[in-house]
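Scope of the values below: all heavy atoms of this structure, side chains included, with no hydrogens, waters or symmetry mates.
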Amino acid sequence: MATKTQLAKLGLFDAKVPRYTSYPTAPHFHNDVTPETFGNWISAIKDDSQISLYVHVPFCRRLCWFCACRTQGTATASPVAAYVETLKAELAILKANLPDGITLSRLHWGGGTPTLLEPAMMEDLAGAIFDVAPMAADGEFSVEIDPNEIDDARLAVLSAAGMNRASIGVQDFDDEIQKTIGRIQGYEITRDAAEMIRAHGVKSLNADILFGLPHQTNARITESVQKLLSLSPDRVALYGYAHVPWMAKRQQMIPSEALPTPQERLDLFETARKLFLWDNYDEIGIDHFATKQDGLSIAQKNGTLRRNFQGYTDDTAEVLIGVGASSISRFPQGYAQNAPATSAYTTAVREKRFSTSRGHVFSGEDKLRSRLIEALMCDFKIDSAEIRESFGLPEADLQKLYRGVMEAFPDMLNLTADGLSIPMEARALTRMIARAFDAYDLDKAGHSSAI
């Protein structure tokens, strides 16, 4: 890795850059993408094709202070039951507009806490989804699972519905850190949840862990990662905690003075990274790790790794449809987001219309720049031949783009006849290098630290 002095000079410890799970990023969405636009894009999907479906459940039993997701707390099942009915109604509208023969390459339930649903609600929702489109033969059905909100009855329903990948949030196992971020979840309850998941025949297990949390030290993250490794997850996301109390008011509960410095964040990441590599995980992109048999590792080796709103994926479907309040859909034509507020979303669906409130129509160089950024984020390199062939871009124009990035990061990149690449020692700068291909107003681009 480049020295901390070099990284500091290039702005790594000061920059705020997007995570680039989309391009352009969500802050650039606008309201000229309407329900009619969304309907037209749905109708343009080819018959008998595969799509992905994301279902958003914006409810939690308690609101963790560290979380910046759009969620709401509930102590009872009644608002969740009402929301499930709205999801079913939205799915019915979707079914009426989808072309024939559609199957699902991926189905993901996220949140919030999808496992807050009672077993009967889960069964009802799964039935409504598969009434719209069945899973493809090689499809993947994944669910985000809170170890504090799961039991045998719920897992039995999910397993029977076809769930074959589960994702558990860990964050950190240290008691003091858990209390500071408002997320109490001991190792034992997490271990028990992982064992229950596998006992129900679910073969693949994902886990999320955070670095950059308050009071986190190299010793503490080492202990947490080692405990996580004892659960043998197939895939791990090592995300940097984004402290944005001006956006997520609940983060005001977290003392800023307890947060590690940017330089310490980098040390925490490197400590955790080395542990995963020592345990023989493959490094996937900037923040994922996977066993060699996992789909992400295979996709990385095949050159088919992609980036979407859940992070890295091996899903190659062109269309991702988001169902539920605030969900974002991706089409070849652009992005469309449902109304973020549950009330506005519910009103639209009750009126038997899509709740699309904003989005982005691809224009100009959007698709070109999106692919350049995705290639760097996934593969740390841009294949010039692929770009020229896919976008009909003259070599002179591509070289002009390369020169601008090379000038911004002198002596940090490799440029050959084959393309542009980021060497191992400069990969901490990947998001910043990707940002150099971003043509939009960077003041609106994102809020998370570059490391």
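- The heavy-atom pair separating Glu144 from Gly111 by the smallest distance is OE1-N, 3.3 Å.
- Listed for the Lys179 side chain is no donor-acceptor partner under 3.5 Å among the backbone atoms of Asp174.
- For an aromatic pair to be called close, the ring centres must be under 6.0 Å apart, and His288 with Tyr312 satisfies this.
- Using a 4.5 Å heavy-atom threshold, the side chains of Cys64 and Ile181 count as separate.
- Donor-acceptor pairing under 3.5 Å is lacking for the side chains of Ser327 and Asn338.
- Here the options are Arg106, Lys301, Arg306, the test is salt bridge (charged side-chain N to carboxylate O under 4.0 Å, His left out), and the partner is Asp314; only Arg106 passes.
- A 6.0 Å sphere centred on NZ of Lys203 holds no more than 12 heavy atoms belonging to other residues, nucleotides or ligands.
- Salt-bridge formation is detected for the pair Arg371/Glu386: a Lys NZ or Arg NE/NH1/NH2 atom is positioned less than 4.0 Å from an Asp or Glu carboxylate oxygen.
- No salt bridge links Arg330 with Glu318; every basic N to acidic carboxylate O contact stays at or beyond 4.0 Å.
- At a threshold of 4.5 Å between non-hydrogen side-chain atoms, the residues Thr356 and Thr34 do not count as touching.
- Between His360 and Phe29, the shortest heavy-atom distance links the atoms CB-CD1, 4.0 Å.
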Practice task
Go through Leu277 and Lys274 one step at a time and tell me if the side chain to side chain contact (heavy atoms under 4.5 Å, CB included) criterion holds.
Solution key: CA-CA 5 Å; Leu277 296 181; Lys274 289 175 182 176; 5.7 Å; no
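- Centroid-to-centroid, the aromatic rings of Phe59 and Tyr83 come within less than 6.0 Å.
- A salt bridge links Lys88 to Glu85: at least one charged side-chain nitrogen sits closer than 4.0 Å to a carboxylate oxygen.
- Although no hydrogens or angles enter the test, the distance criterion places no donor-acceptor pair under 3.5 Å between the side chain of Asp294 and the main chain of Arg235.
- A side-chain N or O of Asn218 and one of Thr271 form a donor-acceptor pair less than 3.5 Å apart.
- A salt bridge links Asp151 with Arg154; the closest basic N to acidic carboxylate O contact falls under 4.0 Å.
- Between the side chains of Thr25 and Tyr440, no donor-acceptor pair of N or O atoms lies under 3.5 Å.
- A salt bridge links Arg62 to Asp146: at least one charged side-chain nitrogen sits closer than 4.0 Å to a carboxylate oxygen.
- Annotation for Gln333: atom CD counts as buried by contact number, over 12 foreign heavy atoms lying within 6.0 Å.
- The shortest side-chain heavy-atom distance between Ile145 and Leu155 falls under the 4.5 Å cut-off.
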Exercise for the section: Take Phe289 and Tyr281 through the ring-ring contact (aromatic ring centres under 6.0 Å, His included) test and state the conclusion after the steps. Expected result: CA-CA 6 Å; Phe289 301 85; Tyr281 281 74; 7.5 Å; no
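- Both tests do not hold together for Arg307 against Tyr20: distance to the six-membered ring centre under 6.0 Å, angle to the ring axis within 45°.
- By the 4.5 Å heavy-atom criterion applied to side chains, Leu429 and Ile422 are not counted as neighbours.
- Distance alone, capped at 3.5 Å, places no donor-acceptor pair between the Arg220 side chain and the Ile177 backbone.
- In this structure, the ring of Phe362 has its center no less than 6.0 angstrom from the ring center of Phe331.
- Using a 4.5 Å heavy-atom cutoff, the side chains of Ile321 and Leu94 are in contact.
- Side-chain contact annotation: His200 with Asp152, donor-acceptor N/O pair under 3.5 Å present.
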Practice task
Output, in order, the C-alpha distance, side-chain angles, deciding distance and verdict of side chain to side chain contact (heavy atoms under 4.5 Å, CB included) for Leu53 and His108.
Solution key: CA-CA 6 Å; Leu53 188 70; His108 183 74; over 6 Å; no
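- Neither side chain, Thr115 nor Thr113, offers a donor N or O lying under 3.5 Å from an acceptor on the other.
- Counting heavy atoms from C-beta outward, Gln263 and Leu266 have side chains that stay 4.5 Å or more apart.
- Within the 3.5 Å criterion, the main-chain N or O of Gln300 finds no donor-acceptor partner in the side chain of Thr304.
- Of the charged side-chain nitrogens involved, none lies within less than 4.0 Å of a carboxylate oxygen, so that Glu188 and Arg191 do not count as a salt-bridged pair.
- Checked against Tyr187 for a side chain to side chain contact (heavy atoms under 4.5 Å, CB included), the options Asp192, Val170, Leu228, Leu231 give a single hit: Leu231.
- Donor-acceptor pairing under 3.5 Å is lacking for the side chains of Glu90 and Ser355.
- In terms of heavy atoms, Pro260 sits closest to Leu213 at CD-O, 3.2 Å.
- In this structure, Asn148 contributes its side chain and Ile184 its backbone to a donor-acceptor pair below 3.5 Å.
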Practice task
Evaluate the criterion side chain to side chain contact (heavy atoms under 4.5 Å, CB included) for residue pair Ser159 and Met163; output intermediate values, then yes/no.
Solution key: CA-CA 5 Å; Ser159 177; Met163 179 181 73; 5.6 Å; no
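- Other residues, nucleotides and ligands place more than 12 heavy atoms under 6.0 Å from the CG atom of Asp47.
- Of all non-hydrogen atoms in Val143 and Pro114, the two that sit nearest each other are CG1-CB, 4.1 Å.
- Side-chain N or O atoms of Gln216 include one that pairs as donor or acceptor with a backbone N or O of Leu210 at under 3.5 Å.
- Counting all heavy atoms, side chain and backbone alike, Thr222 lies closest to Leu275 at CA-CD1, 3.7 Å.
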Practice task
Kindly indicate, with the supporting measurements, whether the criterion side chain to side chain contact (heavy atoms under 4.5 Å, CB included) is fulfilled by Ser167 and Ser142.
Solution key: CA-CA 7 Å; Ser167 182; Ser142 58; 6.0 Å; no
Practice task
Take Thr342 and Gln72 through the side chain to side chain donor-acceptor pair (under 3.5 Å) test and state the conclusion after the steps.
Solution key: CA-CA 10 Å; Thr342 305; Gln72 56 195 83; 3.1 Å; yes
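- No side-chain donor-acceptor contact under 3.5 Å links Ser343 and Thr346.
- Between Asp131 and Lys95 the shortest side-chain heavy-atom distance falls below 4.5 Å.
- Residues Asn206 and Arg165 bring a donor and an acceptor atom of their side chains to less than 3.5 Å of each other.
- Remark: Arg350 CZ is loosely packed, at most 12 non-hydrogen atoms of other residues, nucleotides or ligands lying under 6.0 Å away.
- Within a 6.0 Å radius of CD in Glu149, more than 12 heavy atoms belonging to other residues, nucleotides or ligands are found.
- Aromatic rings from Tyr54 and Trp109 are positioned such that their centres are separated by 6.0 Å or more.
- Side-chain polar atoms of Asp172 and Ser224 form a donor-acceptor pair below 3.5 angstrom.
- Residues Leu104 and Gln50 are not in side-chain contact: their nearest non-hydrogen atoms beyond the backbone lie 4.5 Å or more apart.
- Closest of all the heavy-atom pairs between Pro147 and Gly169 is CD-O, 4.3 Å.
- Interatomic distance, OG of Ser297 versus CG of Asp234, reported as 10.0 Å (0.5 Å rounding).
- Between the side chain of Asn164 and the backbone N or O of Phe141, at least one donor-acceptor pair lies under 3.5 Å.
- Summarising the geometry, atom CD1 belonging to Ile221 is positioned 6.0 Å from atom CG belonging to Leu238; distances are rounded to the nearest 0.5 Å.
- Checked by atom type, the side-chain pair Gln178/Arg183 shows no donor-acceptor distance below 3.5 Å.
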